[in-house]
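To keep things clear, I will list the structure first and then write my remarks on it.
All figures in this text were calculated on a predicted structure; none of them were measured in a lab. To find a chain, count down the sequence lines: A is the first, B the second, and so on, and within it residues start at 1.
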There are 2 protein chains.
Amino acid sequence: MPKTPPQCPMDSILRLLMGPWTTYIIWVLSDQGPQRFGALKRAVPGISTRMLTERLRMLQGAGVIWREQKQTIPPAVTYGLTSRGNDLRGVLDTLGHIAERWKDEGVFAEDEVGTA
Amino acid sequence: MPKTPPQCPMDSILRLLMGPWTTYIIWVLSDQGPQRFGALKRAVPGISTRMLTERLRMLQGAGVIWREQKQTIPPAVTYGLTSRGNDLRGVLDTLGHIAERWKDEGVFAEDEVGTA
DNA sequence: TAAAGTAGGAACGGAAAAGTAACTGCCTAT
DNA sequence: ATAGGCAGTTACTTTTCCGTTCCTACTTTA
């Protein structure tokens, strides 16, 4: 029972980006450059370590971000966007523009999308 | 406790597109033109009427699709993309290309995204 | 000695999303 | 007369996700 019919590969990619935090993480990494785990956590206010870890693993598994671990004594792990992540950047950027335009038009106002 | 920090409007739009079926519906409407409810349901294999209705309402609420109801005796309801929906089309198209490229590269293979 | 930071892992629990199934009312075709 | 299609709605159940909390092992600082 595939929820994602195979004809539509972009659904797979959306599943990847979908999570509540995913795009935000990508945005931070693309806006502020590579970050360490703690810094990332601080940059994404409200996220739990569990979620952050999970999302990072997922993105890493998809090759969207890289992970560099330094085996120093307090281990230092840094994450950054790969070229594949930069692919996404453009799309997300465009989507962001659309989103802003829509927001100006009131699409996301509660009485329009919340009700109805 | 907003899961979507206000700084990131594209998260709102992704929330809109995210659902398991949403993009597929948009794709069908953009690929095959306006469709009636039943046709749409047949075109999106596996979706339940409940989900289809919900997604359509959501997309309609966001102004992504229009809904035209003819008060004939078996009521005929047709859905189609609005100009706003066509905004999305471009992005989804790009995303689709990326997704296909990634798929060719094996990003979505289980051993890459499932394991890790 | 105790607290805090580093980068997570494991377990538990609630809430929201999604699927299933049954029902609506009206009409047409068999 | 009965089945089936139209376009859903409602209720029920399941699943899945997400957040919270506690834990690791080590080191530095107070």
Side-chain angles (χ1 to χ4, degrees), chain A residues 1-5 8 11-12 14-25 28-29 34-61 65-80 110 113-116, chain B residues 1-5 11-12 14-25 28-29 34-61 65-80 113-116:
Chain A
M1 67 216 51
K3 304 176 180 205
T4 303
C8 196
D11 204 84
S12 308
L14 279 170
R15 278 188 181 285
L16 184 73
L17 303 177
M18 271 190 295
W21 307 105
T22 317
T23 56
Y24 198 77
I25 293 170
V28 168
L29 288 180
Q35 301 279 321
R36 294 183 49 182
F37 187 90
L40 211 43
K41 183 157 157 44
R42 264 171 259 119
V44 183
I47 197 172
S48 63
T49 56
R50 185 194 183 295
M51 265 299 102
L52 184 52
T53 302
E54 186 189 299
R55 297 295 149 174
L56 289 173
R57 290 289 131 83
M58 202 172 84
L59 292 172
Q60 187 196 352
I65 61 173
W66 46 260
R67 181 190 133 111
E68 189 189 68
Q69 179 163 14
K70 280 196 183 114
Q71 283 294 6
T72 52
I73 277 312
V77 182
T78 308
Y79 297 91
E110 319 78 49
V113 71
T115 317
Chain B
M1 68 211 58
K3 303 174 181 208
T4 303
D11 205 85
S12 308
L14 279 171
R15 278 187 183 286
L16 185 74
L17 303 176
M18 271 192 293
W21 307 103
T22 317
T23 57
Y24 199 77
I25 294 170
V28 168
L29 288 179
Q35 301 279 320
R36 295 182 50 181
F37 187 90
L40 211 43
K41 183 157 158 45
R42 264 172 260 118
V44 182
I47 197 173
S48 63
T49 56
R50 183 194 184 297
M51 264 299 104
L52 183 53
T53 302
E54 186 189 300
R55 297 295 148 174
L56 289 173
R57 290 289 132 82
M58 201 173 84
L59 292 172
Q60 188 196 352
I65 61 173
W66 47 261
R67 181 191 134 110
E68 188 189 69
Q69 178 164 16
K70 281 198 182 113
Q71 283 294 6
T72 52
I73 277 311
V77 182
T78 307
Y79 297 91
V113 71
T115 317

Just so I know, are the side chains of [X] and [Y] near enough to count as touching, which here means a heavy-atom distance under 4.5 Å?
X	Y	answer
A/Trp21	A/Ser48	no
A/Leu40	A/Leu56	yes
B/Leu16	B/Thr22	no
A/Tyr24	A/Ile47	no

Could you state the [atom1]-[atom2] distance from [X] to [N], rounded to the nearest angstrom?
X	N	atom1	atom2	result
B/Met18	C/dA16	CE	P	15 Å
A/Ile65	C/dA7	CD1	P	14 Å
A/Gln35	C/dA7	CD	C1'	15 Å
A/Gln60	C/dA7	CD	C1'	13 Å
A/Lys41	C/dT6	NZ	P	11 Å
B/Met51	C/dA21	CE	C1'	14 Å
A/Lys70	C/dA7	NZ	P	11 Å
B/Leu52	C/dT20	CG	P	14 Å

Could you go over nucleotides 5-13 of chain D and give all protein N or O partners under 3.5 Å, atom names and distances?
from, atom 1, to, atom 2, distance (Å)
D/dC6, OP1, B/Arg42, NH2, 3.1
D/dC6, O3', B/Arg36, NH2, 2.9
D/dC6, O3', B/Pro75, O, 3.2
D/dA7, OP1, B/Arg36, NE, 2.9
D/dA7, OP1, B/Arg36, NH2, 2.8
D/dA7, OP1, B/Val77, N, 3.1
D/dA7, OP2, B/Gly38, N, 3.1
D/dG8, OP1, B/Arg57, NH2, 3.0
D/dG8, OP1, B/Arg67, NH1, 2.6
D/dG8, OP2, B/Arg67, NH1, 3.4
D/dG8, OP2, B/Tyr79, OH, 2.7
D/dT9, OP1, B/Arg57, NH1, 3.1
D/dT9, OP2, B/Arg57, NH1, 3.1
D/dA11, N6, B/Arg50, NE, 3.2

Evaluate the criterion side-chain contact (heavy atoms from CB on, under 4.5 Å) for residue pair B/Arg55 and B/Met58; output intermediate values, then yes/no.
CA-CA 5 Å; B/Arg55 297 295 148 174; B/Met58 201 173 84; 4.1 Å; yes
Under the 3.5 Å Watson-Crick or G-U criterion, the dot-bracket string of DNA chain D, with | for inter-strand pairs:
||||||||||||||||||||||||||||||
Within this structure, what is the [atom1]-[atom2] distance for the pair [X] and [Y], rounded to the nearest 0.5 Å?
X	Y	atom1	atom2	answer
B/Thr23	B/Met18	OG1	CE	11.5 Å
B/Thr72	B/Gln69	OG1	CD	8.5 Å
A/Glu54	A/Thr49	CD	OG1	11.0 Å

Sorted by chain and number, sequence neighbours left out, salt bridge (charged side-chain N to carboxylate O under 4.0 Å, His left out) with A/Arg67 holds for none
I want to check one thing: is the phosphate of C/dG19, taken as OP1 and OP2, less than 4.0 Å away from some side-chain N or O of B/Trp21?
yes
